[in-house]
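Data first, discussion second: the structure below is written as C-alpha cells.
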Amino acid sequence: MAHRWGMVIDLDRCTGCEACVVACRAENNIATVGEEQAGLSRAKHWIRVERYYEGEFPDVKVKFQPVLCQQCDAAPCETVCPTFASYHTGEGLNGQIYNRCIGTRYCANACPYEVRFFNFFNPVWDKPLHLQLNPDVSVRTVGVMEKCTFCVQRIKAGEIQAEAEKRELKDGEIRPACVQSCPPEAMVFGDLNDAESRASRLANSRRRTKLLAELGTRPKVTYLQRDSWHGDENA
Amino acid sequence: MQRRDFLKISAVAGATAALEGCGNPDHQLIRFVPEEDLIPGIATWKPSICTLCPAGCGLLVRVMQGEAEVVREGRLGLLKMGLAKKLEGNPAHPINQGKLCPRGQAGLQVTYHPDRIQGPLARVGPRGSGQFREMTWESATRQLASQLADLQESGQEGSLALITSPLRGQKRAILDAFANHFKKSLPVELAFFDDSTIRAANLASFGHALPLTLDLGQSNYVVSFGADFLGTWNSPVAQAIGFGRMRTGRPGERAKFVQFEQRISQTGASADEWIPVQPGTEGAVALGLAHVMLAENLRPAAGAGHAGLLLEGWSEGLPDYAPEKIAAQTGVKAETIVRIAREAAAHDPAVAILGGAAAAHTNGLVGALAANALNALLGSVGKPGGILFPPLLAAKESGISLEILASQINSRAAAAKVLLVYNADPVFSAPAAWGVRAALDKIPFIASFSSFLDETTMLADLILPDHSPLESWLDDAPPSGSARTIRSVAPPAMHPLHNTRSMPDVLLDLAHQLGGDLASTLPWKTYDEAIEASFAALYKEKGTKIAKDADEFWQKAQDQGGWWSTEPESVPASPAGAPSGVVKPRAPEFAGDPNDYPFHFLPFASQLLYDGSLAHLPWMQEAPDPLSTVMWGTWVEVNPRTARKLSLQPGDLVEVTSPHGKLEAPALVNPGIAPDVIAMPVGQGHQNFTRYASGRGANPISILSPLTVEGTQSLAWAATRVKLSVVGRGKLILFGGSLTEVSPELEHR
Amino acid sequence: MSRPAPGSSLYLSVVIAIGVAALGLAILERALSAEAMSAAEEESSGAFTPAHPTLYDAVREFFEIRSKPVQPIAYTHKVHLANGMQCTDCHVGVDQGPDARIPSVNFCMTCHQVIATQQPEIKKLAAYKARGEDVPWQRVYGFERSAHVKFNHAPHIRAGVDCSVCHGDMRQQTVAERKVDHTMGFCVSCHQQKNASVDCVTCHF
C-alpha cells in the first residue's frame with residue numbers, strides 16, 4: 001500500500017520555541033527577504049508559530065500553534081491551479097512543481113491556512129551564506145509559489161535507502177527537519193496508512209482536532225489540544 | 001505541437017547561430033586541488049558542540065561537498081571542500097538528545113557570514129574609525145608577543161586584562177595558565193545573562209557551585225519563579241525535552257506547571273497557571289510556600305537541612321512569611337499561596353526553579369537561597385524529578401567583574417596596558433553607567449579574537465580572528481542539563497574558509513614565543529594536543545573498561561562527540577550541620593524614585609538573539625519572536641491599561657528614560673504584562689555588528705542602573721525603574737498573529 | 001477574453017514577436033555590458049541568486065541553447081575504457097548516491113605519475129598538479145537549475161539501467177560529448193517502460 005504521510009502536533013508539548021521555524025529554513029533553502037520586504041508581509045516561513053492571547057491581565061493565557069501546510073486531502077490550492085503545478089501526489093502530499101508554476105497565486109488565495117509563499121523577487125544570499133544551501137532541495141526563483149513539502153527530499157531519500165537495503169521503511173525513520181529538531185518532541189511524522197504508526201495512533205487521541213476542519217479540507221496534520229492539569233485525579 | 005518544439009521553430013535561426021558561438025558561462029577562477037576526498041551528493045555526519053549559549057549541546061553536522069571561493073596563498077580560486085549544510089542535535093549526547101533550539105540551528109550562519117573578518121588586521125585609522133590593514137599571522141602574533149614581553153620585562157604583569165565569555169574545558173585551562181602567569185592580571189568573565197548568582201546560592205545551600213540540572217521528565221509539580229527555562233535559561237533544550245515528557249510522556253500522568261513572573265515569557269506561556277508577582281518578591285513567595293508546608297506539617301522543617309537553616313526564621317516556621325502577611329508585598333493572594341503549597345506538597349516529585357529576572361534583583365541571591373530551601377523542604381534535591389548536580393569540579397570563580405575592571409581603570413587604581421578580548425562584547429553588554437567605553441580608551445593596546453567587527457572589536461589595535469566553531473577543535477564540560485558526567489569533544493567539522501586561527505592555538509603560540517615558565521606550563525603545541533592530554537587523563541579515571549587504551553578511548557570520544565557516563569552520577573548535597581550564619585531575607589532595592597520613574601524596567605533574553613551575540617545572523621533577525629512576532633527590530637512592551645493611560649497607540653515610538661540613560665523604541669501592547677512593568681528584549685541596538693545588526697533598534701542594557709546583586713558581583717539587571725513618553729510613530733514589523741501593530745506606511749499588504 | 005489556442009496563427013505571431021524582441025534586447029545588452037560582464041566573471045560578485053546573470057543567459061536557457069563544453073585537457077574515455085578501466089573507477093559514488101565524482105588532479109596523477117608521462121595532454125595534467133591547481137573540467141551533462149530536477153544516480157544503477165542509456169557509448173567517445181538529450185520525455189518514456197513512478201514529485205522538488 002502506498003504511504004500516506006501525515007503529522008501530529010501535540011500542543012500540550014509545544015513551547016513555541018521556533019526551533020522548527022529555523023530548522024525548516026535551513027533545510028529547505030528558504031531565503032530571508034530582509035527588513036523592507038518583511039515589512040510588506042513577504043517574509044517566507046513554511047512553518048510558523050501562531051500565538052494567541054486570551055483574557056486580560058492578570059488572567060491571561062497564551063497558546064502556541066505551529067502552522068504549516070496541512071497537506072489536505074481535499075486541498076483548495078490544487079483545484080484552482082491552472083497549470084497543475086499544485087497537485088496531489090501519489091503519497092497524498094500537496095505537491096508544488098516549481099517549473100510548472102507561472103505565479104498566478106490562485107493557490108495562495110485559495111488556501112485557508114495562509115501557508116503558501118510567493119517569490120516576489122529572486123531570492124538572494126549574501127556570499128558566502130549560499131554555501132549553506134542544501135543541494136537536495138531546489139532553489140526557487142522569482143514568480144514561483146513555494147510551501148512546506150513535508151521535507152519531500154527526506155521522504156525520497158528514506159524511500160531510496162530502504163529500497164537499496166531491500167526492506168520496508170521503519171516508523172519514525174523519516175523525519176522532516178521540524179520534527180527532528182523539536183526539543184519537547186511535540187511533532188510526530190508518519191504513515192497514516194499504517195494503523196500502527198505512532199502518528200496514526202496519536203491522531204486518534206481524545207485531544208485530536210484539525211485546523212479549520214469545518215472547511216472540509218481534510219488536513220493530514222492533526223493537532224492535539226492543550227490539556228489541563230487533572231489535579232488529584234491522578235495523584 | 002509541443003510548446004518547446006514550437007518555440008524552437010519560432011526562434012530565428014541566424015540569431016541562434018550567433019548566440020551559440022558566444023563565450024563560456026563558467027567563470028575563470030582557478031580551481032585548487034581538493035584537500036579532502038569526498039563523494040559529491042553524499043552527506044557525512046560529524047559531531048560538534050554548540051557554543052552559542054552556555055548549555056553546551058552536542059551537534060551533528062551534515063557535511064557535503066561544495067565549491068567555495070577561497071583565498072589560498074594570496075590566490076582567489078574555487079575549492080571543492082566539505083561544507084556544513086545543516087546542524088542537528090547529536091542523538092547520543094545526554095544533554096540535547098538529538099534536539100536543537102533555533103539559535104543552535106543558526107550556528108551555520110556564523111561560519112558563512114559575509115562580514116566575517118577573514119584574516120588578522122591591524123588598526124591604521126584612529127581608534128573606532130574601523131580602518132584596518134591586513135597582515136600576516138606571523139607579524140600579528142609577533143606584535144602581540146612583544147606587547148606581552150614588554151609587560152613581563154617591565155614588571156607590569158598586573159597590567160594584562162582579559163575579557164572572555166565564561167569558558168570551560170581545555171580552552172579555559174589554557175587561558176587560566178596565561179592569566180596565572182601574568183600575576184595580578186585582571187581576568188573578567190563576561191556574560192550578560194550569567195549564572196553566578198545561582199551558582200553562589202547552590203554553593204551556600206548544597207555545597208556545589210553549579211547551575212541547576214533539572215529532571216523535569218519525572219517531575220509531577222513544577223513551580224518556576226521568573227526562569228525562562230523553555231527558552232533561554234540554563235540548559236533550555238534539555239529542559240524542553242523534560243518538559244515534553246512531563247506533559248504527555250507518561251500515560252495517565254501529567255505534571256502541573258506554575259509560573260510566577262511579571263511578564264508572560266515564552267516559558268510562562270506554557271504554564272498551567274500563570275501568576276503575576278511583584279518584582280523582587282519571588283523569594284518571598286517561595287518562603288510563603290515553605291511557610292504553609294511547615295505550618296500545615298506537610299513537610300518537617302528539619303528535612304530541609306542546611307539549605308533551610310541558612311535562612312533566618314526557618315526553625316521557627318518562617319513566621320514573617322505567612323501568606324496573608326506577604327500577599328500585599330508580593331501581589332499574590334494568600335489563598336493562592338496556600339493552594340499551591342498544598343498542591344506541590346501532595347504531588348511528589350515537586351521542584352522549584354528560580355532564575356532570570358528573579359535572580360537579577362538586588363536580593364536575587366536570597367531569592368535563590370529561598371527557592372533552594374523550598375526544594376530541600378520538598379525533598380527534591382538529588383532525587384529523580386528534582387534538582388541534580390553532576391559530579392563536576394566547579395569552575396573556580398576567576399577574576400573580577402567588568403564593572404570593577406572599568407572603575408579601577410577609570411579611577412586609575414589599576415593600569416591595564418594590554419587587553420585581550422575573546423567571545424565577549426563588553427561595550428555592548430555593559431550599562432553605560434559602568435564607563436566601559438571610557439576605560440577601554442585608556443588601555444593602550446587592545447587585541448580582539450573576534451570574528452566580527454562588533455562595538456569592542458572596532459576599538460581593537462589588533463584583530464586575530466578565531467575560526468568559527470564548526471572549523472575548530474572544541475571541548476566542553478557542561479555543568480548542567482544532565483546528571484551524567486560529560487566531557488564533549490569535537491574535531492573540526494570542516495576546513496576553515498578564511499585565514500583564521502583558533503584562539504587557544506594563538507595563545508599556545510604566544511606562550512612558546514614568550515618562553516620560560518609559561519611555555520613549560522603549556523607544553524602543547526596546539527589546542528587539540530591539549531584536549532587529547534585531558535582525555536588521556538580521563539581514560540585512566542573513567543575509560544579503562546570501555547577502551548583498551550587511551551588512543552582508542554580518544555578515537556571513540558571523537559567519533560561520538562565526547563565521553564559521558566552511562567548512568568546519572570548525581571552527587572548529594574554536601575554541607576552538613578548548621579550553617580555558620582543565617583541570611584536575612586530582604587526587600588529588593590530599585591534605582592529611581594517611583595514618583596519620577598513609575599515603571600519597573602524588565603529586560604529579557606531574546607529567544608532568537610539571546611543576549612545580542614546572535615543579532616548578526618539573518619535567520620535570527622527574520623525569525624518572528626515567539627510572543628510578539630516581531631522581525632528585524634526591537635520593541636517595548638506595555639500593558640493595555642498603561643497604554644490607555646498614556647494615550648499610547650500600538651506602534652508609537654516611545655522614549656524610555658532611566659536614571660542612567662534613555663532610549664527610543666516602538667511600543668507593543670501586551671496583555672500579558674503587569675501594568676507597572678515595561679519589558680524589552682535584549683539583543684538589538686548594536687552600533688557595529690555586521691550589515692544585519694548595525695544601527696538596528698535600541699539596547700536596553702545601556703540604560704540600566706549599576707546596581708549589583710547583593711553578595712555577588714553580578715549586575716542586578718532587573719532593578720532599574722524608568723519613565724515612558726510617546727515621541728512619535730515607530731516602525732514595527734510583525735509576522736502575523738492577532739496583533740495589528742504595523743506602522744501606517746507598512747500597512748498596505 | 002478568450003486565450004489564443006496554442007498552434008493558432010495569432011499565438012504563433014505573438015510568440016515570434018516576443019522571441020525576436022528578446023533576442024534583440026539580449027544582443028544589445030550583451031554588447032553594452034560586455035566589459036562589465038567580463039569583470040564580473042573574474043571577480044566573484046557579492047551575492048548569490050538563482051537569477052540569470054543577464055537577459056542573454058535567460059534567453060539562451062529558454063531556448064535550451066547550451067554551449068558545447070570545451071575541456072581543458074583532451075581526456076579520452078575511449079582509451080581508458082579500452083585499457084580495462086570501469087566507469088566507477090573514476091566516477092566513484094555513482095552507485096551510492098545522487099552524483100558521480102569527477103576525479104581530482106591527484107587521482108589522475110596516481111597513475112599518470114608513471115603512465116604516458118610524455119604525452120602532451122598528460123604534460124598539461126602534470127602542469128596543473130605542479131601549480132597546485134585542479135583541472136577545471138567543464139560539465140557535460142546536468143540539468144539547468146530552472147529544471148528543478150533532483151536526479152539520483154544510485155537507484156537507476158540498482159535498477160540495472162546501463163550507463164550508456166543516458167550517456168551514450170563512452171567506449172566510442174574520446175572527450176565526452178552530450179550524446180543523449182536528457183529531456184523530460186526521455187526520462188518519462190523510460191520510467192513508463194520500466195513501471196517506475198512518473199509522479200512529478202519523483203524528480204521535481
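These numbers come from the heavy atoms of this one structure, side chains and all, not from hydrogens, waters or symmetry mates. The sequence lines fix the lettering, A, B, ..., with proteins before strands; numbering per chain opens at 1. Bear in mind that the values here come from a model prediction, so they are computed numbers and not experimental data.
Put simply, the side chain of A/Glu35 reaches to within 4.5 Å of the side chain of B/Ile733, judged on heavy atoms. By the 4.5 Å heavy-atom criterion applied to side chains, A/Glu185 and B/Arg245 are counted as neighbours. Counting only heavy atoms from C-beta outward, the side chains of A/Gln180 and B/Leu100 never approach each other to under 4.5 Å. Put simply, the side chain of B/Glu622 reaches to within 4.5 Å of the side chain of A/Arg25, judged on heavy atoms. Within the 4.5 Å cutoff, no side-chain heavy atoms of B/Lys85 are placed close to those of A/Asp136. By the 4.5 Å heavy-atom criterion applied to side chains, A/Val21 and B/Gln105 are not counted as neighbours. Counting heavy atoms from C-beta outward, A/Arg51 and B/Thr629 have side chains that approach closer than 4.5 Å. Between A/Val49 and B/Pro624 the shortest side-chain heavy-atom distance does not fall below 4.5 Å.
Looking at A/Ser181, both its backbone and its side chain come within 4.5 Å of chain B, counting heavy atoms on both sides. In this structure, the portion of B/Ala271 lying under 4.5 Å from any heavy atom of chain A is its backbone and not its side chain. For B/Ala84, the part sitting under 4.5 Å from any heavy atom of chain A is the backbone (N, CA, C, O) and nothing else. In this structure, chain A has no heavy atom under 4.5 Å from any part of B/Ile275. Using a 4.5 Å cut-off between heavy atoms, B/Arg116 makes no contact with chain A at all. Neither the backbone nor the side chain of A/Ala186 comes within contact range of chain B; no heavy atom of the residue lies under 4.5 Å from a heavy atom of that chain. Only the side chain of B/Gln607 has a heavy atom closer than 4.5 Å to any heavy atom of chain A. Of the two parts of B/Met246, neither the backbone nor the side chain holds a non-hydrogen atom closer than 4.5 Å to a non-hydrogen atom of chain A. Only the side chain of B/Lys86 comes within less than 4.5 Å of a heavy atom in chain A; its backbone stays farther off. Heavy atoms of A/Val179 lying under 4.5 Å from chain B belong exclusively to its backbone. Of the two parts of A/Arg226, only the side chain, counted from C-beta on, holds a non-hydrogen atom closer than 4.5 Å to a non-hydrogen atom of chain B. The contact between B/Leu230 and chain A is made by backbone and side chain atoms together, counting heavy-atom distances below 4.5 Å. Contact of B/Tyr692 with chain A is made through the side chain alone, with heavy-atom distances under 4.5 Å. B/Leu83 touches chain A through its side chain: at least one heavy atom from C-beta onward sits under 4.5 Å away, while N, CA, C and O do not. Contacts of B/Gln621 with chain A are absent, with no heavy-atom separation under 4.5 Å from either backbone or side chain. Interface residue B/Asp272: backbone and side-chain heavy atoms are both found under 4.5 Å from chain A. Only the backbone of B/Ala255 comes within contact range of chain A, judged by heavy atoms closer than 4.5 Å. Only the side chain of B/Pro276 comes within contact range of chain A, with heavy atoms under 4.5 Å apart. Using a 4.5 Å cut-off between heavy atoms, A/Cys14 touches chain B through its backbone atoms (N, CA, C, O) alone.
When the shell of 6.0 Å around NZ of A/Lys210 is examined, it contains more than 12 heavy atoms from other residues, nucleotides or ligands. Within a 6.0 Å radius of CD in A/Glu56, other residues, nucleotides and ligands contribute 12 heavy atoms or fewer. Around CZ of A/Phe120, the count of heavy atoms belonging to other residues, nucleotides or ligands within 6.0 Å exceeds 12. Under a cut-off of 6.0 angstrom, the local environment of CD in A/Glu114 is sparse, with at most 12 non-hydrogen atoms contributed by other residues, nucleotides or ligands.
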Q) B/Arg247 and A/Asp227: side chain to side chain contact (heavy atoms under 4.5 Å, CB included), yes or no, with the steps? A) CA-CA 9 Å; B/Arg247 270 285 164 84; A/Asp227 212 344; over 6 Å; no
(Q) side chain to side chain contact (heavy atoms under 4.5 Å, CB included), that's the test. Do B/Met620 and A/Val22 meet it? Break it down for me. (A) CA-CA 8 Å; B/Met620 296 290 88; A/Val22 183; 3.6 Å; yes
Q: Give the intermediate values and the outcome of side chain to side chain contact (heavy atoms under 4.5 Å, CB included) for residues B/Leu627 and A/Phe64.
A: CA-CA 9 Å; B/Leu627 285 159; A/Phe64 292 120; 4.0 Å; yes
Q: Please assess A/Arg175 against B/Glu88 for the test side chain to side chain contact (heavy atoms under 4.5 Å, CB included), listing each intermediate value before the final yes or no.
A: CA-CA 12 Å; A/Arg175 284 180 301 174; B/Glu88 306 287 1; over 6 Å; no
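One finds the CE atom of B/Met64 at 6.5 Å from the CG atom of A/Asn134 (value rounded to the nearest 0.5 Å). Remark: A/Asp59 CG to B/Glu273 CD distance equals 10.0 Å, nearest 0.5 Å. The CG atom of B/Asp115 sits 8.0 Å away from the CG atom of A/Asp126 when rounded to the nearest 0.5 Å. In this structure, OG1 on A/Thr15 lies 9.5 Å from CG on B/Asp228, to the nearest 0.5 angstrom. In this structure, the separation between NE2 on A/His230 and CD on B/Glu253 is 11.5 Å, given to the nearest 0.5 Å. Distance check, rounded to the nearest 0.5 Å: OH of B/Tyr112 to CG of A/Leu133 gives 10.0 Å.
Among the candidates A/Ala157, A/Ala177, A/Pro58, the residue making the largest number of heavy-atom pairs closer than 4.5 Å to chain B is A/Pro58. If you tally non-hydrogen atom pairs under 4.5 Å between each of A/Leu131, A/Val60, A/Val62 and chain B, the highest count goes to A/Leu131.
Ring pair B/Trp274/A/Phe57 is perpendicular by interplanar angle, where above 60° counts as perpendicular and below 30° as parallel.
For the 3.5 Å distance criterion, the side chains of A/Asp10 and B/Thr248 qualify, holding a donor opposite an acceptor.
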